[in-house]
Amino acid sequence: MKDKIVFLCYTLLASFLWCGCENEIENQWKVASPDGDLVTRISVNEEGKLSYRVSKINGEVENVMLEPSPLGLVRNDGRFDRLEYTGVKSVEIVNEDYWLKTGKQLKNNNHYNELSLQFSNEAGNALNVVFRAYDEGVAFKYVFPENGNELEYTLEEELTGFDLPSGNAFLQAYDSATAYAPAYERNYGKAIEIGTDAPGKEGWCFPALFEINGNWLLLSESNLKENFHGSHIKPKATNGLYEITGPEEEEAFGYGQAKASSKLPWEMPWRVMMIGEELADIVESNLINHLADSSKIGKADWVIPGRASWAWWSGYLDGSNDSPEKLKHFIDFAQEMGWEYSLIDAGWDYRPGFNLEEITQYAANRGVGLLLWYNSGGPINRVNAGPRDMMFDPEIRRKEMKRISDLGIKGIKIDFFSSDKQDFIKLFKGILRDAAEFNLLVNFHGCTIPRGWARTYPNMISYESVKGSEAYIYHSDFEKNSPVHNTILPFTRNVIGSMDYTPVAFSTQQVPHRTSFGHELALSVVYESGIIHFPDTPEVYQSQPTEVLEFLKAIPAAWDETQFLGGYPGKDVLIARKKNEAWFVGGINGEDKKKEFSVPLDFLDNEEYEVLVISDGKDPKHFEVKREALNAANEVIVDVLPFGGFVMKIIPSNNSN
């Protein structure tokens, strides 16, 4: 049930009384978060330049999170950087509850104060700028409100900037364009100084994390629609001014326009700043989903998050992932583990002896749903892996979706989009709409980052857009870089949405592991994904201690609650997640030294619990297992190896399941 309260008012006096928004002096406005601790000030100077400034109030101290930062746009028919204020369009206070099907927290409260200001440029054309203030951050978007009839307009340049004080930055470089990129699959690295230029001309990715004045700020965007492209950050950040840019012209070998176009009215994506005094404020935030449109597909009871066996990763080097017999073996293993799904990856359309109807029935008889891989296809996709050219054209796509849905296929994994241009945003959204009609889950790979689509289309079960376990096949530097990279992802990429990292890879493919088995097991908790693809073989998992196997049977794929318990990007992470009455805790060490993790249990209710701890053993390829009876007053001490890790499962003592 959705509980929504909205107050509308159209005077600055009312905005001051109701919304924390006020017109202090001419051409200056303020909007504050519901708790009053985040304050955004907007102003227009004598030259008509529009800017905003954000502060975080910690007690009696006001910490500047963004210095006065530029706003504005350049449209093909004129500039919107010399503006005249024409009025307050609206002020709103909104407090609503909504539910997600996947994610770090399924029940969410969307509570904000909103101020929409009206301006016009020198030619008299209108621009509205809408600000939302949350306790957990600030967002704004541009709206061209006029009716442009049949004319289509092009955004030539966005003038948005984020002027940050000095501090640390945790960033990922935006990909150079190739047949496989951009796909957000570079490493996150340790802290660099705010204002450091990107290593290449392409710039930096969203999300971008900053440590400023003892507080934290994460930049990203939300509610990206088909009328716009994905954005990232320019390579130059002179004096800490980070500016927004669009896709590279070379993406998709030049196919599609790098600039966004639309008829009017034209509502653009939210520019998002998550802000908190603690890293927990960032990690636990669902602000990206708060800002997204509500679900467009109704109740969607058929959207079921889950775990999946996956034959591709462990058979890539020797080609054994092609065998229908092997696929059935992995389906059998999913049944044994109680996992909901098994993924059939690239090349199933030309495997000798493969029969989709027969293997779908085989899986159904064992209570396992099948997921099918597809190449995104299209006239500019140069990756030949198949099936391809089934998802690009809407008519062909819908026909294929109906065919596989009628067979009983539960979802699709679509790969190799390799661009954030508007044409590809249209492709993403078209796939989601059509898949929802045919009750198909969607997992995008080789793709853009989450931008709130999991709320709007709950069948959007996960995204890759991460350098994950596949890098143990393809990237020789992953052995060296993975421990630090792994301990930054929970503070960056995974904050904004589900992340199909494919965790718990024990065996060595091409690239050795520096991380321990305990570290790899912990990724199943530390990372959130609406579909968890376990990459290793049944035999590798079955060779582990019984407690490890039972843990992998029990791990959920969607969570009622997430709590960040400790850590620092690049060093270590400790996260607790709850499903029903059970808590799961994961901790990973990103440094080359032994560590002692202290896990307070004060997040538990006041009762007795059975606590299972699976941690590093005598060496990185062994586990140590212990069980204890504990309560919320206790603390668990866990020793981990260099690049090590551990998990805990905590259940009430009266519930031993």
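We number each residue from 1, following the sequence as shown.
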Gap separating the CG atom of Leu279 from the OH atom of Tyr568, nearest 0.5 angstrom:
8.0 Å

Considering all heavy atoms of both residues, which atom of Gln544 and which atom of Phe623 are nearest to each other, and what is their separation?
OE1-CE1, 3.3 Å

Can you tell me if Gln509 and Ser314 form a side-chain donor-acceptor pair at under 3.5 Å?
no

Mind checking whether Phe646 and Phe597 have ring centres under 6.0 Å apart?
yes

Sequence neighbours left out, what pairs pass side chain to side chain donor-acceptor pair (under 3.5 Å) with at least one residue falling in residues 614-626?
Ser516-Asp616, Asp619-His622

Derivation of the salt bridge (charged side-chain N to carboxylate O under 4.0 Å, His left out) call for Glu340 and Arg307:
CA-CA 6 Å; Glu340 293 82 357; Arg307 298 76 46 85; 2.8 Å; yes

Determine whether the side chains of Gln105 and Thr562 contain a donor N or O and an acceptor N or O closer than 3.5 Å.
no

In this structure, are over 12 heavy atoms from other groups packed under 6.0 Å from Lys104 atom NZ?
yes

Should the heavy atoms of other residues, nucleotides or ligands under 6.0 Å from NZ of Lys553 be counted, would the total exceed 12?
yes

Atom CD of Glu539: over 12 foreign heavy atoms under 6.0 Å
yes

Non-hydrogen atoms of Gly411 and Leu440 that approach each other most closely:
N-CD2, 4.0 Å

If you apply the rule salt bridge (charged side-chain N to carboxylate O under 4.0 Å, His left out), what do you find for Lys594 with Asp639, and how did you get there?
CA-CA 7 Å; Lys594 293 182 179 180; Asp639 293 320; over 6 Å; no

Between Thr487 and Val573 the two heavy atoms that sit nearest each other are O-CG2, 3.5 Å

With a 6.0 Å cut-off on the ring centroids, do Phe491 and Trp216 count as close?
no

If you round to the nearest 0.5 Å, how far is CD of Glu479 from OH of Tyr472?
8.5 Å

May I ask you to test the Glu470-Glu464 pair for a side-chain heavy-atom distance under 4.5 Å?
yes

Lys NZ or Arg CZ of Lys410 over Tyr341 ring: under 6.0 Å, within 45°
no

For His290 and Tyr98, I'd like to know if the aromatic rings sit close, meaning centre-to-centre distance below 6.0 Å.
yes

Is the distance from the ring center of Tyr316 to that of Tyr474 below 6.0 Å?
yes

Any side-chain heavy-atom pair from Asp560 and Lys107 closer than 4.5 angstrom?
no

For a quick test of reading the model, state the closest non-hydrogen atom pair linking Ala292 to Gly452 and the distance between them.
CB-O, 3.2 Å

Judged by modelled atom types alone, do Ser529 and Ser462 share a side-chain donor-acceptor pair under 3.5 Å?
yes

Are more than 12 heavy atoms from other residues, nucleotides or ligands located less than 6.0 Å from atom CZ of Phe603?
yes

Sub-6.0 Å ring centroid separation between Phe584 and Trp559
yes

So, for Tyr184 and Cys205, which heavy atoms are closest and what is the spacing to 0.1 Å?
CD2-SG, 3.6 Å

